Engineer: 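Have a look at the structure that comes next, please.
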Amino acid sequence: MDHAVSRKKFLTTAGMAIAAVSLSGCDVFSTEPTGKGGDSRATGAPKGKEAPALAAQVKQGKLPPVEQRLPKSPLVVNPVERIGRYGGTWRTALVADADRPWMERTLTYEGLLRYNTEWNKITPNVAERYEVNADASEYTFHLREGMRWSDGKPFTADDVLFWYEDVFMNTEVTSVKERMMCGGQEPMELEKVDDLTFVVRFPTTPNALFERLVASGNGNAIAMVATPRHYLQQFHAKYNPDVDKLAGDAGFDDWVGLFSARRDWAINTAMPTLNAWIVTSPYTGNQRVVAKRNPYYWKVDPDGSQLPYIDEIVYTYLQNVQTCLLKALNGEFDMHSRHINTLENKPVIGQNREKGGYRFFDLNADPMNAAMLTLNLTHKDPVKREIFQNKNFRIGLSHALNRAEIIKVVYRGQGEPWQGSPRRETEFYDERLAKQYVEYDVAKANEYLDRAGYPRRDGDGLRLGPNGKPIFIQLDTTVEEGPEWIDVAQFIVRNWRAVGIDARADTVARTLVETRRDANTQDIAITLAFGGVNVIMDPREYLPVAGNEKGTWVAWYASYGKEGEEPPADVRRQMELYEELKATRQAERQRELMKQILQITTDRFPAIGINLPAKGYGIVRNNFRNVPKQMYSSQGWTYPEPAPSNPCQYFFDTE
């Protein structure tokens, strides 16, 4: 969510007032194509060339001609630099057991709509066009005639209807409806009009954010067009009376487990897809994952030649970040950014550019904190819950941190002391929210910790909690996501020890961090904080409406109060305001409501920030072309770079 924005005044109307929308709440986003490099336009093109390997299969009678594999109006992608050439293997990597997001960012993002490369417009994608009514209670989507799944079967509105009726509305498969797919408490309705047209309705309460959800990389949004009925119905109880036996024979407890596994494109290589490449060697923790060209991919270049240009992508499976860095320095990656692109690594990566044969590209940041300390305010342990919910305790911890030293040593002086606040690029920036309690002041820290009710100490100088025992905090970090967090954690532990708080840094695998979080046993985790620019669509750091970071309050919101734990009154008020915002089409009113939400966040001070992230980077081989010199980077799912730059138009040039 890295949106170093350059989006000012975009307002477009088309058809039935195709919705202009606001991403960060301060800018209006058009739905018409931009014509910028890497972007796409929803007009047809002459059906021209294809990859030599596919042409050979056509000649052998194994594939129909390219004009029969493309839709009537394929989506035309304007290249960043120039028309490409076919061939080559894109070499990249996956680190440890929880790196599937990099696969998703490079292989997927083929929803009905998409954001352009400037992150200031929503454009058609799988949908050839769409309309939104005046109050955002009805969305009409028109699909591309002749579009096909990767196995050659037609993609039609029946596939979307199957997703709606048999996945989204099936309580066994989808027990809790994503709030962003609902209007108020009522889930969206979907009606098939004809084979190429369907309508999404929110009959009781409009959903003005639905368009942006569909254009994002959110899994629930792309699932609408990632559910091939012709293939998946054999694993569904509604269509196959013998599905329980099928599930048992395959080692699953029930048909739902079988169905979920079979619709996983990363693991099940038989699953048809609309992506540019098809996974042929699955994501199972092996030495590598391979994805090969989709012969029915529905995008073309301006000459009408079918994309993608690159034959295949190979993801080498690596055990640790250090190995990933060494491979990058050796020039073994054609394009990569994940894990290696830390400030600590940048000097050595820069010094090795000529030898490694690569160049940098910039990632303009959306995250609003490089190291956010998310306290578990709903901790399973009642003593720790009481301590963490004490605002004075949190303020004391914040004043105890020597951010200037951390930034100088760990972040090479890049950044500035910062709390959990929107970035300066947005109109949501608030000086108080960004800068409160960032002063390094041991006296103030001790004052607030005393005021919190913990002035008593034991013989070692450790503060005693409400149970009479020393307050202990386990600080979870994960090297896969932030290798610099190991060093940050050591500074934190030392700073807190100086004010009588016993803390221990525990660097573990990302999977274990997530397990602790989901079990509600985590104390504090160092995380990357999102929503620095994309405030409205990714507000998880400001109020607990998404993710697992805020524990049972998120569950309470997601289930309309049926699960989880009811939050305090001020947090409930934030949730009410966000629901009102979601139902409001008027941009100015959306901004007003978001500012009210942020004011409550300022007063609550729920988490502790350290550093405002600097601009990021990635590396790309010198002969690997059509990669933008800079990309917006959310590092989350609202804008899953590099996917919005259309990797299908990347290509290998001669050295």
Side-chain angles (χ1 to χ4, degrees), residues 369 371-410 417 419-420 436-479 482 484-508 512-513 515-517 519-527 549-552 604-611:
N369 212 289
M372 197 78 182
L373 305 180
T374 56
L375 293 85
N376 185 357
L377 302 182
T378 64
H379 204 294
K380 194 173 184 178
D381 181 338
V383 173
K384 289 193 173 182
R385 175 186 298 211
E386 178 182 338
I387 294 172
F388 294 160
Q389 287 191 3
N390 189 317
K391 180 181 175 181
N392 284 326
F393 180 79
R394 300 194 296 272
I395 294 173
L397 293 184
S398 184
H399 276 305
L401 296 175
N402 189 341
R403 292 173 175 81
E405 183 181 30
I406 294 172
I407 292 170
K408 179 182 179 181
V409 176
V410 180
Q419 297 286 12
Q436 63 181 349
Y437 318 127
V438 298
E439 178 188 5
Y440 174 52
D441 190 321
V442 174
K444 276 188 179 180
N446 281 316
E447 176 188 341
Y448 274 102
L449 292 171
D450 289 347
R451 191 184 304 175
Y454 312 120
R456 294 190 305 125
R457 304 197 186 204
D458 66 7
D460 294 323
L462 298 176
R463 293 178 181 272
L464 303 180
N467 59 355
K469 298 179 180 179
I471 297 173
F472 170 75
I473 296 173
Q474 181 169 286
L475 187 62
D476 285 351
T477 67
T478 169
V479 69
E484 73 280 2
W485 291 341
I486 298 174
D487 296 327
V488 171
Q490 296 308 314
F491 280 99
I492 294 171
V493 167
R494 186 164 64 248
N495 288 164
W496 285 351
R497 183 62 179 81
V499 294
I501 300 298
D502 183 19
R504 183 186 70 196
D506 193 13
T507 302
V508 296
L512 181 55
V513 171
T515 297
R516 290 173 177 172
R517 182 193 63 198
N520 203 23
T521 59
Q522 189 174 73
D523 292 350
I524 300 179
I526 301 181
T527 66
E549 293 88 343
K550 307 301 183 296
T552 57
R604 283 186 52 76
F605 186 57
I608 301 169
I610 292 180
N611 185 27

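The chain is numbered in sequence order, starting from 1. FYI, side chains are in, hydrogens and waters are out, and symmetry mates aren't considered; it's all heavy atoms of this structure. Since we're looking at a predicted model, the values are computed, not measured.
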Engineer: How about P470 and D502: do any of their side-chain heavy atoms sit closer than 4.5 Å?
Structural biologist: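 No, too far: nothing below the 4.5 Å cut-off.
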
Engineer: Say you draw a straight line from CG of L475 to CD1 of I526; how long is it, rounded to the nearest 0.5 Å?
Structural biologist: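 Interatomic distance, L475 CG to I526 CD1, rounded to 0.5 Å: 4.5 Å.
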
Engineer: Rounded to the nearest 0.5 Å, what separation is found between the CD atom of E484 and the CG atom of N611?
Structural biologist: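 Going from the CD atom of E484 to the CG atom of N611 covers 9.5 Å.
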
Engineer: Is the shortest distance from a Lys or Arg side-chain nitrogen in D450 or R463 to a carboxylate oxygen in the other one below 4.0 Å?
Structural biologist: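 Looking at R463 together with D450, the answer is yes, because their closest N to O distance falls below 4.0 Å.
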
Engineer: Is there a side-chain contact between R516 and N376 in this structure, where contact means two heavy atoms from C-beta onward sitting under 4.5 Å apart?
Structural biologist: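 Side-chain contact under 4.5 Å: no.
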
Engineer: Would the distance check show the side chain of R451 and the main-chain N or O of N392 forming a donor-acceptor pair, the cut-off being under 3.5 Å?
Structural biologist: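 Judged by distance alone, no pair lies under 3.5 Å.
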
Engineer: About how many Å separate NZ of K469 and CG of L464, when rounded to the nearest 0.5 Å?
Structural biologist: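 L464 atom CG to K469 atom NZ measures 11.5 Å (nearest 0.5 Å).
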
Engineer: How long is the gap from CD1 on I387 to CD1 on I471, to the nearest 0.5 Å?
Structural biologist: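 Result: 4.0 Å between the selected atoms.
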
Engineer: In sequence, state the C-alpha distance, the side-chain angles, and the governing distance for K391 and R604, and then conclude on side chain to side chain contact (heavy atoms under 4.5 Å, CB included).
Structural biologist: CA-CA 7 Å; K391 180 181 175 181; R604 283 186 52 76; over 6 Å; no

Engineer: Out of curiosity, R517 CZ to T374 OG1, how far, rounded to the nearest 0.5 Å?
Structural biologist: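 It comes to 9.0 Å.
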
Engineer: For F388, give me all partners under ring pair (Phe, Tyr, Trp, His ring centres under 6.0 Å), at least two apart in sequence or on another chain.
Structural biologist: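 Ring pair (Phe, Tyr, Trp, His ring centres under 6.0 Å) list for F388, sorted by chain: empty.
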
Engineer: Looking at side-chain heavy atoms only, is the closest gap between L512 and D476 below 4.5 Å?
Structural biologist: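 A side-chain contact under 4.5 Å is absent here.
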
Engineer: How close do V499 and A445 get, counting heavy atoms only, and between which atoms?
Structural biologist: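 Smallest heavy-atom distance, with atoms named: CG1-CB, 3.9 Å.
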
Engineer: Give the minimum heavy-atom separation between G453 and P455, together with the two atoms involved.
Structural biologist: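 That would be C-CD, 3.2 Å.
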
Engineer: Using atom types as modelled and distance alone, determine if a side-chain donor or acceptor of R385 lies under 3.5 Å from a backbone N or O of K380.
Structural biologist: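 No, R385 side chain to K380 backbone: no donor-acceptor pair under 3.5 Å.
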
Engineer: How far apart are the closest heavy atoms of G609 and M372, and which atoms are they?
Structural biologist: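 Heavy-atom minimum between the residues: CA-SD, 3.7 Å.
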
Engineer: Nearest 0.5 Å, please: how far is CG in D381 from CG in D523?
Structural biologist: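 That separation rounds to 8.0 Å.
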
Engineer: So, do K384 and F472 sit near enough that their side-chain heavy atoms are less than 4.5 Å apart?
Structural biologist: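 K384 vs F472: side chains touch.
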
Engineer: With a 3.5 Å cut-off and sequence neighbours excluded, list the donor-acceptor pairs that the side chains of residues 485-496 form with protein atoms.
Structural biologist:
| unit_1 | atom_1 | unit_2 | atom_2 | d |
| --- | --- | --- | --- | --- |
| W485 | NE1 | A370 | O | 2.9 |
| N495 | OD1 | N402 | N | 3.0 |
| W496 | NE1 | L397 | O | 3.0 |

Engineer: Any chance you could lay out the side chain to side chain contact (heavy atoms under 4.5 Å, CB included) test for R497 and D460, step after step, and finish with the verdict?
Structural biologist: CA-CA 10 Å; R497 183 62 179 81; D460 294 323; 4.2 Å; yes

Engineer: Given N446 and Y448, is the side chain to side chain contact (heavy atoms under 4.5 Å, CB included) satisfied, shown in steps?
Structural biologist: CA-CA 6 Å; N446 281 316; Y448 274 102; over 6 Å; no

Engineer: Please name the pair of heavy atoms, one in R456 and one in G468, separated by the smallest distance, quoted to 0.1 Å.
Structural biologist: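 So the two residues come closest at NH2-CA, 4.1 Å.
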
Engineer: What are the two closest heavy atoms between Q522 and H379, and how far apart are they?
Structural biologist: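 Smallest heavy-atom distance, with atoms named: O-CD2, 3.1 Å.
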
Engineer: For the residue pair K444 and S398, establish whether any side-chain heavy-atom pair is separated by less than 4.5 Å.
Structural biologist: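 No, side chains not in contact.
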
Engineer: Evaluate F393 against L449 for side chain to side chain contact (heavy atoms under 4.5 Å, CB included), listing each step before the verdict.
Structural biologist: CA-CA 5 Å; F393 180 79; L449 292 171; 3.5 Å; yes

Engineer: Identify the heavy atoms of Q436 and Q419 that sit nearest to each other, and give their distance.
Structural biologist: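 Heavy atoms of Q436 and Q419 come nearest at O-NE2, 2.8 Å.
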
